[in-house]
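Worksheet for the structure shown next.
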Amino acid sequence: MCLRYHHPAMARRYDASEIEPKWVKVWEDEGLYQASEDPDDPRPRFYALDMFPYPSGDLHMGHMEAFSGGDVIARYRWMRGDDVLHPIGWDAFGLPAENAAIKRGARPMEWTYANIEQQAASFRRMGMSFDWTRRLNTCDPEYYRWTQWLFLRFFERGLAYRKESPVNWCPNDQTVLANEQVIQGACERCGSIVERRDLTQWFFRITDYAQRLLDDADTLEDWPERVLTMQRNWIGRSEGAEVTFTVDETGEEITIFTTRPDTLWGVTFFVFAVEHPAVQRLAELGGTWDDVRPLVERARQTSLVDREAAASKEGVALGVHAVNPVNGERVPCFVAPYVLMEYGTGAIMAVPAHDQRDFEFAREHGLPVRVVIEPPTGPVDPDAMTEALPHDGVMVNSGPFDGEPSPTSIAKVTAWLEAEGRGRAAVNFRLRDWLLSRQRYWGAPIPIVHCPRCGEVAVPDDQLPVELPKDADFRLGGESPLARHPTWKHVACPSCGGEAVRDTDTMDTFVDSSWYFFRYCSPGFEDGPFRPEDVARWMPVGQYTGGVEHAILHLLYSRFFTKVLHDMGMVPFVEPFPKLMNQGQVIYDGAAMSKSKGNIVEPMPLVERWGADSMRLTMLFAGPFEDDIDWKLIAGEPDRRPGVHAWLGRVFTAVQDAGERGDAPEPDALVRLTHKTVRDVTDDLDRYRFNVAISKLMVLTNEIRSTLDAGGGAAVAGRTLTQLLAPFAPFTSEELWREVLGEGASVHTSTWPTFDPSLTTENTVTMVIQVDGKVRDKVEVAADIDEAAALDIARASERATAAVGDRRVAKEIVRAPKLVNLVTAR
RNA sequence: GCCGGGGUGGUGGAACUGGCAGACACGAUGGACUCAAAAUCCAUUGCGCUCACGCGCGUGCGGGUUCGAAUCCCGCCCCCGGCACCA
């Protein structure tokens, strides 16, 4: 029986370990994937960008998934005739290198480069179509020279500045963190509870770009909805008004921000954040400092956002009063942790009738509640209220605005405040400036010299890079490694030549990764971070692929950098990544892979055992690219042969046998299926539906195998299958293309197959005959029959007639040749 | 609580604008080959009733629109992700 399929003398069995390493070398020798340097190259350009890896060890499953998807896209674009830029590099600075060095005694640099080489070797083994000539590492002085250069441009424009402020301090990593790196009050890296410290630190003025970051998000062509939502939430724009109250006892003006100026007449008290600079002075004046002081001191010791305290409704009266500018009322002032110094102005007007937090505070402290927005259900007794009232209603107890309905009340009150000079429309953002300095060793040094006479002085461009000392003592404790180095920081002031010291902080690694995609366009460029013409030629990126964990941090920062570079006239666009794709996570048995759970599956041993092609296909076929993959469910034990490996084996024999059979003189069913498959796989690839595309290739494989006896069309089907397979299984397809089909050049530089639309439809189709919408019969009909013929066939159907029974057919819906629905009278 | 995404067989998932639900796989069961196993090949596989032809039910739940709904509308439930005293 098997002889039907096999020609024992000819058939070669599929053996990944025999074919894969061979092609790695051939492709590299042939320089297959190098992007053109020629500005006049007529081909369309496509920049396929993958989020560059952090070299923490060998590649893990997450890398496999992400880079497999990115590689399919790059290879597909090559075959479609594009000039493709598909680079690779390493995000090589960062804490883990330093921590590993502390633990094992190796230098951060050695640890980092060893890991990079291991990952590079694994990428090669995977057959990734990278342009290795453009490779970069952010920890190379050649690279961080330009990170520093960019910092100085930001510094010149006032976008990099130093200030003292309360900051997030990770006691474990011994460094400050950006707001974005604090998750639920804990360090994003190590999970330690973050402490609050008052320190002088460097910031990027990203808040200047808040509105543009928000507005331009709407112009992005194709980003996952959840990522856009996260960015919008993070930026956190709210519209409202600023209103200035006056402290009755001192006459000083205190401005507050509110989104509900229409509730100004309902203010019954006023609250300061614990950290507000006026608190101590006002408490001393009001004679309440002894009561207030414990709150203030506790806040200094706990984390920046003390959630527990904020959640409580504790608070202390200050003994002073605020005067409401809209009605001259005098209300008591409090200090309470539920008001945050970080948002708005650090002081609020309290309207207990219409704000739940104010309501709870009022009840706790026996303060009056005054309803100023009457709900549609009628008057409300403030004493009977159990929660704050919703927003809808009509203004009452509000002087000139009584009777004003809620949809227009905010705008009217705001306009009135401006006209009266008592307040103004205002917008508030949740976004804070980006704290970029770190008290650690393994990062790009901040290129600033502190001079007792000249202040903060930029290191001149021609003295960049400010290199890291190789002999640092980077162990934890005490001062940071650069600060404690005996000689490194001592330097002459570039301005006056006097004795000065370098800034001893390094930059957050997110600074490095905010511009690496520009550098890929001009590797080795000596006169700037990139050559503007190269960036204009390649960018914006055609497709950006990477993990959703960067939804806020990396993607927001990169967008910010791009806008600044745009304002500097260095890039012609404002968004670097119009199209973003997030791969799903690879989990195991319902849980994230982790050392502590002991459920980590190492990919490279599986690649050695079953092949890189099987590894890629297993992931890409498992489901939509953006969905999580549970490795236990789709692959099970490492010894279990992957289903896709068996399929590749069948492809291997099918293409061999098909080649033997030659082509039919007339296009037959197999040829038609081949054309249809080209159409469908092309469409699926354009929409990144890899799992569906692969299933279509499986169908074609099955069809080739089951029709081999019938002859005809097999050769073109086998050849086309080989090409369509190329983006997904680069090794297997190459082996078939060159060794079995005898083509001279690589399948990966072959032209993507086209299809003849007249051959993508069948001669006959299955027509469905329904009665009242239920399927009652199916009939094979000619694909080109008209409505009348379709109806005749439906009427002739015995099954349909039986289903109609003795009822009258009142209406016939005909969608020839697909469907006829006989509708009976009711 | 607010925002975003989702809920389809035993499992992963298909079903382009409303038109044959379950493609393609995995798993399972039976069979062929084998001393045996692996590999390979063949068959069956949504649930229920039926010897069978068939019939009924079926895309989280309840309604609605339509000749016809996984798909559109209304109201719920549940799961995942993000944000959260943000004034």
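The structure displayed is predicted, hence computed values, not measured ones. Labels below follow one simple rule: chain letters A, B, ... track the order of the sequence lines, proteins then strands, and each chain is numbered from 1.
- Across B/G12 and B/G7, the matching P atoms stand 12 Å from one another, rounded to whole Å.
- Rounded to whole Å, the C1' atom of B/G31 lies 41 Å from the corresponding atom of B/G6.
- As rounded to whole Å, 13 Å separates atom P of B/G5 from atom CD of A/Glu626.
- Of the candidate nucleotides B/A15, B/G13, B/A23, B/A15 has the atom nearest to the side chain of A/Arg689.
- Near-neighbour residues of RNA chain B inside residues 228-238 of chain A, defined by a heavy atom below 4.0 Å, number-ordered: A/Thr229, A/Met230, A/Asn233, A/Ser238.
- To the nearest 0.5 Å, atoms CH2 (A/Trp631) and CE (A/Met593) are separated by 7.5 Å.
- A/Val227 comes within 4.0 angstrom of no nucleic acid atom, judged by non-hydrogen atoms across all strands.
- Within 4.0 Å (heavy atoms only), A/Pro624 reaches sugar-phosphate atoms of the nucleic acid but no base atom.
- Residue-level contact check: A/Asn691 touches the backbone only, with heavy atoms under 4.0 Å from sugar-phosphate atoms and none from bases.
- Taking atom C1' in both B/G19 and B/C72, the straight-line distance is 14 Å, to the nearest Å.
- Across all strands, A/Lys696 comes closer than 4.0 Å to no nucleic acid atom at all (heavy-atom distances).
- Residue-level contact check: A/Val775 touches the backbone only, with heavy atoms under 4.0 Å from sugar-phosphate atoms and none from bases.
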Handout entry: A/Glu314 vs A/Arg298, salt bridge (charged side-chain N to carboxylate O under 4.0 Å, His left out): CA-CA, chis, key distance, verdict
Key = CA-CA 13 Å; A/Glu314 65 176 324; A/Arg298 198 185 63 203; 2.8 Å; yes
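- B/G58 makes up no base pair with any nucleotide shown, lacking Watson-Crick or G-U wobble contacts both under 3.5 Å.
- Distance from the side chain of A/Lys774 is smallest for B/C57 among the nucleotides B/C20, B/C57, B/C24.
- For A/Tyr14 and A/Ser614, the side-chain atoms include no donor-acceptor pair closer than 3.5 Å.
- Side chain A/Lys778 to base B/C20: a donor-acceptor pair is found below 3.5 Å.
- Between the base of B/G19 and the side chain of A/Arg815 there is a donor-acceptor pair shorter than 3.5 Å.
- When every heavy atom of A/Val413 is checked against every heavy atom of A/Asp262, the shortest pair comes out as CG2-CA, 4.0 Å.
- A/Gln770 comes within contact range of at least one nucleobase, with a heavy-atom separation under 4.0 Å.
- Using Watson-Crick or G-U wobble geometry with both donor-acceptor distances under 3.5 Å, B/C2 finds its partner in B/G82.
- Residue-level contact check: A/Asn702 touches the backbone only, with heavy atoms under 4.0 Å from sugar-phosphate atoms and none from bases.
- Salt bridge absent: A/Asp772 and A/Lys774 never bring a charged side-chain N and a carboxylate O closer than 4.0 Å.
- For A/Arg799, the listed nucleotide lying nearest its side chain is B/G54; candidates were B/C86, B/C41, B/G54.
- With a glycosidic angle no further than 90° from 0, B/G9 counts as syn.
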Exercise for the section: With side chain to side chain contact (heavy atoms under 4.5 Å, CB included) as the test, would you mind laying out the steps for A/Val548 and A/Met230 before giving the verdict? Expected result: CA-CA 10 Å; A/Val548 72; A/Met230 281 193 241; 4.2 Å; yes
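- Nearest nucleotide to the side chain of A/Arg776, out of B/C67, B/G56, B/G12: B/G56.
- Within 4.0 Å of A/Arg650, counting heavy atoms only, lie sugar-phosphate atoms of the nucleic acid but no base atom.
- Comparing the same atom, P, in B/C74 and in B/G5 gives a spacing of 15 Å after rounding to whole Å.
- A/Thr766 and A/Glu780 share a side-chain donor-acceptor pair at under 3.5 Å.
- Remark: B/G68 base-pairs with no nucleotide; criterion is Watson-Crick or G-U wobble with both hydrogen-bond distances under 3.5 Å.
- Of the P atoms belonging to B/A28 and B/C33, the separation is 22 Å, rounded to the nearest Å.
- Backbone-only engagement by A/Arg640 is indicated by non-hydrogen atom pairs under 4.0 Å involving sugar-phosphate atoms exclusively.
- Side-chain contact annotation: A/Ser238 with A/Asn428, donor-acceptor N/O pair under 3.5 Å absent.
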